[in-house]
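Since the structure comes first, as structure tokens, the remarks are kept for the end.
Below, chains carry the letters A, B, ... as their sequence lines are ordered, and counting in each starts from 1.
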2 protein chains.
Amino acid sequence: MKTKLNANAQAVLESVRLSTSHPTASEVYDTVKTARPGIGLASVYRILHTLVQQGYIQEIRHSDDTCRYDGHIERHDHAICTACGALLDVPVNITLPPDLLQAAADATGMDLSSHELRLYGVCPRCALVQQQ
Amino acid sequence: MKTKLNANAQAVLESVRLSTSHPTASEVYDTVKTARPGIGLASVYRILHTLVQQGYIQEIRHSDDTCRYDGHIERHDHAICTACGALLDVPVNITLPPDLLQAAADATGMDLSSHELRLYGVCPRCALVQQQ
DNA sequence: ATGGGTGCAAATCCTTTGCATCTGC
DNA sequence: GCAGATGCAAAGGATTTGCACCCAT
């Protein structure tokens, strides 16, 4: 399933994996350009799609109009700041009671394969700003 | 917080609330045009934003590049078909153990206000198609 | 009369695509 | 030599915005 990655794809994958934030395509592009100066934005988009398809990285969308990428592929959850839009990985493993998932599967008739919990709230930085 | 809605805004809100799917802006536009023929797409976008801001409706994004709206504002969860992209409300109330949420809040330092569980899987229709 | 809402069209932004070229095998 | 990858520029599509106009207050 996973094909061998060429140098551009390696550089893109590395950039996404090393990023602690969840970079957008153009952030990845900016980063990768230092390692591969000739690369074009279109290739970054193409490579990101391939990496998602092949399961190397995950795509995440929330309220802004850009698509973000996450090099962290194990199942995990996200916390989203409703004030600034920041998207953080939740660093603890939240395991849902299986009966809840079963109930949801039954209710929707879907064959569930994965899930993601999205937590909404105010991040520490925004909380500070709001207090002022 | 909620201001009085004018006739256009009422029509948009009604359209979103009555829809069982999760309509996009242009689907809302198409629907609303029958009740308010003169309305423009830009106004639909403007009104949808206002309605979201004022808490009348929710905005949902997932993998496609359009933004969808949900007239269902009580906390609830979504099931997303990984084959066709369909987005369904989960018709059962999934209550998470409070200690899980607390652990996540502690780990992220965020002041959590809400959450949404996103379930990924294959919807019944797509499951049928895949079997063939 | 006055401030906010509106429609239209143009602009904007992210993303995708066409295509000629280049690359590695 | 060939299939796939690439860069560039142009196209595409969803959303936003500028602006003159209209409406209700």
Query raised in the report: Sub-3.5 Å donor-acceptor pair from the side chain of A:Thr108 to the main-chain atoms of B:Val90, do we have one?
Result: no
Query raised in the report: Would a distance-only check, ignoring hydrogens and angles, find a side-chain to backbone donor-acceptor pair under 3.5 Å from A:Arg68 to A:Glu59?
Result: no
Under 4.0 Å: is that the gap between some side-chain N or O of [X] and OP1 or OP2 of [N]?
| X | N | answer |
| --- | --- | --- |
| B:Asn6 | D:dC23 | no |
| A:Ser43 | D:dA5 | no |
| A:Asn8 | D:dT6 | yes |
| A:His49 | C:dT15 | no |

Give the rounded distance in Å between these two atoms: [atom1] of [X] and [atom2] of [N].
| X | N | atom1 | atom2 | result |
| --- | --- | --- | --- | --- |
| A:Leu48 | C:dT17 | CG | P | 15 Å |
| B:Tyr29 | C:dT6 | OH | C1' | 12 Å |
| A:Leu41 | D:dT6 | CG | C1' | 13 Å |
| A:Asp64 | C:dT12 | CG | C1' | 16 Å |
| A:Arg61 | C:dC13 | CZ | C1' | 13 Å |
| A:Gln10 | D:dT6 | CD | P | 12 Å |
| B:Glu59 | D:dT16 | CD | C1' | 14 Å |
| B:Tyr45 | C:dC8 | OH | P | 16 Å |

Report task. Indicate whether the side chain of A:Gln10 and that of A:Asn6 have a donor and an acceptor atom separated by less than 3.5 Å. Result -> no
**Report entry** Between B:Asn93 and B:His76: side-chain donor-acceptor atoms closer than 3.5 Å
**Finding:** no
Requested in this report: Go through D:dA9, D:dT15, C:dC14 for me and flag the one nearest to the A:Ala42 side chain.
Outcome: D:dA9
**Report entry** Nucleotide nearest A:Thr66 when distance is taken to its side chain, options C:dT6, C:dT15, D:dT15
**Finding:** C:dT15
Requested in this report: Quantify the bending of the helix from C:dA1-D:dT25 to C:dC25-D:dG1 as the angle between its end axes, each fitted on five pairs, to 10°.
Outcome: 20°
Query - Residue closer to the 5' end of DNA chain C, B:Ala7 versus A:Cys67 (nearest nucleotide) - result: B:Ala7
Query raised in the report: Between A:Arg118 and A:Ile80, is a side chain to side chain contact (heavy atoms under 4.5 Å, CB included) present by the stated rule, with each step listed?
Result: CA-CA 7 Å; A:Arg118 294 194 171 197; A:Ile80 296 167; 4.1 Å; yes
Query raised in the report: Of the options B:Val16, B:Ile73, B:Leu5, which is the one that meets B:Tyr56 in a side chain to side chain contact (heavy atoms under 4.5 Å, CB included)?
Result: B:Leu5
Query raised in the report: Is the base of C:dG4 touched by the side chain of B:Arg46 through a donor-acceptor pair closer than 3.5 angstrom?
Result: no
**Report entry** side-chain hydrogen bond (donor to acceptor under 3.5 Å, both in side chains) partner of B:Asp70, the single match among B:His78, B:Arg17, B:Gln58
**Finding:** B:His78
